[in-house]
Participant: 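Please see the structure below; I have some questions.
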Amino acid sequence: MARAELLMETVAPEPDGTSASCWSIPKHGGMRVSAHLYGDRATLAEVTAGETLTQLAAVASLPGVVGPVCALPQVQPGCGFPAGAVAAFAARAGGVIVPGGIGYDINCGVRLLSAAVDASELRPRLATLMDDLLRGALYAPMRLSAPELASVLGHGASWAVAHGCGIPADVDPLDWRGTMPGADPRLGSERALVRGGGQLGTLGSGSHFVEIGYVERILDPAAADALSLRAGQVTAMLHSGSRGLGYQVSADGVELMQRAVERYRIQLPDRQLACAPLASDEARRFLGALAAAANYAFANRQVLTHRVREAVARALAVPVDALGLSVLCDVPHNLAAFENHVVEGRALSLCVHRRGAARGLPAGHPDLPNALRGLGQPVVLPGDMGRYSLLLLPEPGIAATFNSLPHGAGRRLGRAAAHGRPSSHPWPHELADAGIEVRSAAPEIVEECTPDAYHELEAILEVLSAARLARPVARLRPLGVLRG
DNA sequence: ATGTTC
């Protein structure tokens with residue numbers, strides 16, 4: 001059957017009045033649960049044209065899955081498991097852990113900082129700042145001894161704070177306060193340990209970035225006030241993960257699970273969805289390594305935060321303390337974690353996999369720190385470096401996605417497709433004209449980041465608002481971008 | 001995403 005015909009038969013607005021912002025893919029073939037797709041008609045058309053629909057159906061057929069499998073607006077085909085998708089599994093129902101449902105960059109995420117200083121103060125020093133960051137934040141690794149690395153893997157962001165990178169309050173807004181529980185510092189792989197020893201405090205390449213910007217517009221004054229956000233103030237956003245260590249843990253995990261699939265005789269629709277029962281020894285080993293790699297990423301973003309603070313302070317010739325550059329949020333988007341959810345009136349402990357998807361806890365959630373209990377968990381939604389990003393707050397409807405949001409604008413064009421663009425698109429000169437300072441070790445990376453390679457954030461926001469997943473609090477505008 | 005093929 002042609003894929004378009006399959007979609008015509010299986011995707012339809014729900015009878016209970018679900019709007020065009022959420023589409024249901026009913027169970028068919030081997031699916032154990034339905035899948036929900038959040039998006040406008042254009043998103044639906046993209047999903048129809050590619051592999052995403054098949055991949056969603058494959059994920060929805062895995063053992064112990066608790067529906068619905070959710071596809072967020074920027075969803076795209078991934079390695080077996082779509083990027084921008086969420087799937088939850090119940091250990092008691094034979095649920096599994098799926099390394100492919102986390103992604104190769106374990107606990108890759110985006111952190112947002114906001115400063116007490118105004119953008120007008122920074123603008124004259126911007127070029128100097130970006131040159132400084134290019135030298136100091138892109139690749140300036142800390143060398144860790146084996147015991148030091150073990151401590152990083154066990155303690156995450158707090159290790160970095162205890163070693164001079166930041167202040168204790170930095171970890172307050174972080175999930176698990178920056179220390180994911182259950183970490184096994186042995187990782188189960190010597191190679192992963194070797195790779196981790198020399199990369200802490202490095203940004204990474206590809207889509208990883210540091211962006212210096214400012215609050216362009218407040219969209220929800222009461223929420224912005226509660227977060228001490230005001231128009232004009234300097235922001236810093238950084239996107240980085242667990243580097244070679246996380247990659248190795250993930251690759252080791254896929255290999256481990258491919259053996260587990262045979263051992264437990266799991267029927268797989270796609271080899272890349274290799275998995276093991278959450279109750280198995282294989283899962284126990286992988287989950288320990290996963291938490292350790294997540295902690296490495298938390299520590300990495302903390303070290304990078306320290307580097308950014310030092311560079312901004314140097315640029316303005318003020319002490320670091322005077323910047324008030326505080327952590328507004330730190331949003332992992334490649335992770336799996338055990339969480340309590342209520343599904344069809346039943347309280348369940350679920351292992352929620354978020355691949356290219358953020359977690360956003362709604363107001364009142366018991367896992368929120370006291371300071372955010374009444375407001376909900378702020379989530380930054382990065383756009384592209386020529387336009388803007390958004391700060392969001394979860395809305396009550398977010399329970400429908402297991403408290404998940406998209407992780408950014410998402411690529412519309414592949415990185416290769418963004419190369420060799422016609423001269424009618426004089427990117428990146430447009431950025432210079434707009435006063436945005438771009439730095440990268442590799443010029444072709446900048447070319448890959450042309451705004452037309454990304455989805456419109458506005459269209460994503462419309463879907464999030466219509467589905468009552470989140471509301472916008474502030475719009476952030478870039479001033480300078482360092483691309484890995 | 002990734003010492004982009006140990």
Side-chain angles (χ1 to χ4, degrees), chain A residues 51 55 74-85 98-111 138-144 149 187-210 237-257 272-274 286 289-290 292-301 304 331-336 353-358 382 384 406-411 413-419 440-449 453-454 482-484:
Chain A
E51 288 297 314
Q55 292 191 351
Q74 31 60 291
V75 71
Q76 54 176 311
C79 300
F81 195 111
V98 197
I102 296 163
Y104 278 100
D105 190 357
I106 293 167
N107 190 11
C108 186
V110 183
R111 181 182 283 210
L138 190 65
Y139 198 81
M142 298 175 83
R143 304 287 173 187
L144 302 170
L149 178 59
L187 297 181
S189 160
E190 184 63 26
R191 187 181 293 174
L193 289 169
V194 169
R195 294 185 71 172
Q199 286 191 312
L200 194 69
T202 62
L203 187 62
S205 63
S207 65
H208 289 156
F209 64 81
V210 174
M237 182 160 51
L238 56 97
H239 177 199
S240 189
S242 49
R243 311 291 287 102
L245 180 144
Y247 176 90
Q248 198 61 53
V249 167
S250 188
D252 293 341
V254 172
E255 198 184 308
L256 180 67
M257 297 311 163
Q272 296 183 103
L273 291 175
F286 177 69
L290 175 73
N295 286 337
Y296 188 90
F298 279 133
N300 196 34
R301 287 197 288 277
L304 291 169
V331 188
H333 57 229
N334 282 354
L335 208 50
H353 293 55
R354 296 187 182 86
R355 166 75 182 94
D384 59 73
H407 82 309
R411 292 198 74 94
L413 296 177
R415 281 163 61 180
H419 280 286
S440 175
E444 68 273 15
I445 296 287
V446 178
E447 199 176 352
E448 291 168 4
C449 300
Y454 289 83
L482 170 65
R483 279 277 167 175

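In what follows, every chain begins at residue 1, and chains take the letters A, B, ... in the order their sequences are listed. Since the model is a prediction, treat every value here as computed from it, not as a measurement.
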Participant: Across the strands shown, which category fits Q248(A) at heavy-atom distances under 4.0 angstrom: base, sugar-phosphate, nothing?
Facilitator: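 Contact class for Q248(A): none.
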Participant: Tell me: CD1 of I102(A) to P of dT2(B), nearest whole Å?
Facilitator: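 After rounding, the reported distance stands at 17 Å.
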Participant: Measure the distance from CG on N107(A) to P on dA1(B) and round it to the nearest whole Å.
Facilitator: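 To the nearest whole Å, that distance equals 15 Å.
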Participant: Rounded to the nearest angstrom, tell me the gap between atom CD in E255(A) and atom P in dT2(B).
Facilitator: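 E255(A) atom CD is separated from dT2(B) atom P by 20 Å.
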Participant: Do H333(A) and H239(A) have ring centres separated by under 6.0 Å?
Facilitator: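 Yes, close enough.
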Participant: Send over the distance from R243(A) CZ to dT4(B) P, rounded to a whole Å.
Facilitator: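 About 12 Å, once rounded to whole Å.
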Participant: Would V249(A) and F286(A) count as a side-chain contact (heavy atoms from CB on, under 4.5 Å) if you check the C-alpha gap in whole Å, the side-chain angles of each, and the deciding distance to 0.1 Å?
Facilitator: CA-CA 8 Å; V249(A) 167; F286(A) 177 69; 4.3 Å; yes
Participant: Rounding to an integer number of Å, can you tell me how far Y247(A) OH sits from dC6(B) C1'?
Facilitator: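 So the two atoms are 11 Å apart, to the nearest Å.
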Participant: Touch check for G103(A), heavy atoms < 4.0 angstrom, all strands: base, sugar-phosphate only, or nothing?
Facilitator: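 Touches nothing.
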Participant: So, does N334(A) use its side chain to make a donor-acceptor pair with the main chain of D105(A) at under 3.5 Å?
Facilitator: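 At least one qualifying donor-acceptor pair exists.
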Participant: Please work out if G206(A) contacts a base, only the sugar-phosphate, or nothing of the nucleic acid, heavy-atom cut-off 4.0 Å.
Facilitator: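 Since only primed, P, OP1 and OP2 atoms lie under 4.0 Å of G206(A), the category is sugar-phosphate.
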Participant: Using whole Å, what does the distance between atom P of nucleotide dT2(B) and atom CG of D105(A) come to?
Facilitator: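 Those two atoms, CG and P, are 5 Å apart.
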Participant: Mark yes or no for whether Q199(A), through its side chain, and G244(A), through its backbone, hold a donor-acceptor pair below 3.5 Å.
Facilitator: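 Present.
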Participant: Can you check whether S242(A) has a side-chain N or O nearer than 4.0 Å to OP1 or OP2 of dA1(B)?
Facilitator: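 No, no such contact exists.
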Participant: How many whole angstroms separate atom OH of Y104(A) from atom P of dT5(B)?
Facilitator: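 These atoms are roughly 12 Å apart.
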Participant: Round to a whole Å and report the spacing from CD of Q272(A) to P of dA1(B).
Facilitator: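 Whole-Å distance recorded here is 17 Å.
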